[in-house]
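Note sheet for the following structure.
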Amino acid sequence: MSDAASVLGPSDRAAILEVDSAFVLAANGGSLDGLVAVYAEDASLLPPNEPGLKGRQAVRQYWGRTLDAYTLQFELTTDDVDGQGDLAYVRGRYKLTASPRKSGDAVVADEGKFVEVLKRQPDGWRYAIDMFNSDLPAK
């Protein structure tokens, strides 16, 4: 798209960053519904060390398992936001502390990078693709 009017404006950029804020708020608050709400119906979730997932139901199952096992503390840092028309991307870094709900299990601390592709939906911007991976060495 070469139409200058289709370039992301400040309000789109703010709305896109708000999606990440909503993700962090939901994850840190243990809200599965809040986590799932930031994904488009046909979203792809590409977590590390396992096959990719497709669709909001698969996203719900992934984050549901995660929230059942851990209390999460995410921090996201945005490095880049860009896009055009109804598509945008965010590139950034994360820090995560996952405290097990089951006593005796170890706390998981991770940091890495992420890329999100967002699509404008009738109710706002949503993740179409969410991919993240660790910067820490494999154990």
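Applying the side-chain contact (heavy atoms from CB on, under 4.5 Å) rule to D135 yields the partners K113; only residues at least two apart in sequence or on another chain are considered. Shown here are the salt bridge (charged side-chain N to carboxylate O under 4.0 Å, His left out) partners of R126, two or more places apart in sequence or in another chain: D123. Partners of V59 according to the side-chain contact (heavy atoms from CB on, under 4.5 Å) rule, which considers only residues two or more places apart in sequence or in another chain, are Y39, L45, W63. The salt bridge (charged side-chain N to carboxylate O under 4.0 Å, His left out) test applied to E41 returns R56, not counting sequence neighbours. For R91, the salt bridge (charged side-chain N to carboxylate O under 4.0 Å, His left out) criterion is met by D79, not counting sequence neighbours. The side-chain contact (heavy atoms from CB on, under 4.5 Å) test applied to P100 returns Y70, D105, V107, not counting sequence neighbours. Every residue two or more places apart in sequence or in another chain that forms a side-chain contact (heavy atoms from CB on, under 4.5 Å) with E75 is listed here: K95.
Between E116 and F23, the closest side-chain pair of non-hydrogen atoms is not below 4.5 Å. Taking 4.5 Å as the limit, some side-chain heavy atom of T71 sits within range of a side-chain heavy atom of R101. The shortest distance between side-chain heavy atoms of V90 and D80 does not fall below 4.5 Å.
With respect to L72, the side-chain contact (heavy atoms from CB on, under 4.5 Å) criterion is satisfied by exactly one of T66, V24, T97: T66.
Across all their heavy atoms, A26 and L35 have their closest contact at CB-N, 3.4 Å. Scanning all heavy atoms of the two residues, the minimum distance from R120 to D86 falls at NE-OD1, 2.8 Å. For the residue pair T78 and L17, the shortest heavy atom distance occurs at OG1-CD2, 3.6 Å. Looking at every heavy atom in both residues, W125 comes nearest to G85 through CH2-O, 3.6 Å.
In the hydrophobic clustering (ILVMFWY side chains linked at under 4.5 Å, chained through shared members), Y89 stands by itself. Cluster partners of V117, using a side-chain heavy-atom cutoff of under 4.5 Å among ILVMFWY residues and allowing indirect links, are L46, L87, I129, M131. The hydrophobic cluster analysis finds V115 isolated: no Ile, Leu, Val, Met, Phe, Trp or Tyr side chain comes under 4.5 Å of it, directly or through other members.
One N or O on the side chain of K54 and one on the backbone of D42 form a donor-acceptor pair closer than 3.5 Å.
Residue pairs meeting the ring-ring contact (aromatic ring centres under 6.0 Å, His included) criterion with at least one partner in residues 100-120, sequence neighbours excluded, are absent. The list of side chain to side chain donor-acceptor pair (under 3.5 Å) pairs with a residue in residues 21-33, not counting sequence neighbours, reads D33-R60.
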side-chain contact (heavy atoms from CB on, under 4.5 Å) between L136 and E111, intermediate numbers included
CA-CA 7 Å; L136 302 180; E111 56 187 80; 3.9 Å; yes

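Criterion: ILVMFWY side-chain heavy atoms under 4.5 Å apart, direct or through other members. Under it, L67 and V108 are part of a common hydrophobic cluster.
Side-chain contact, Y127 with D20: a donor N or O sits under 3.5 Å from an acceptor N or O.
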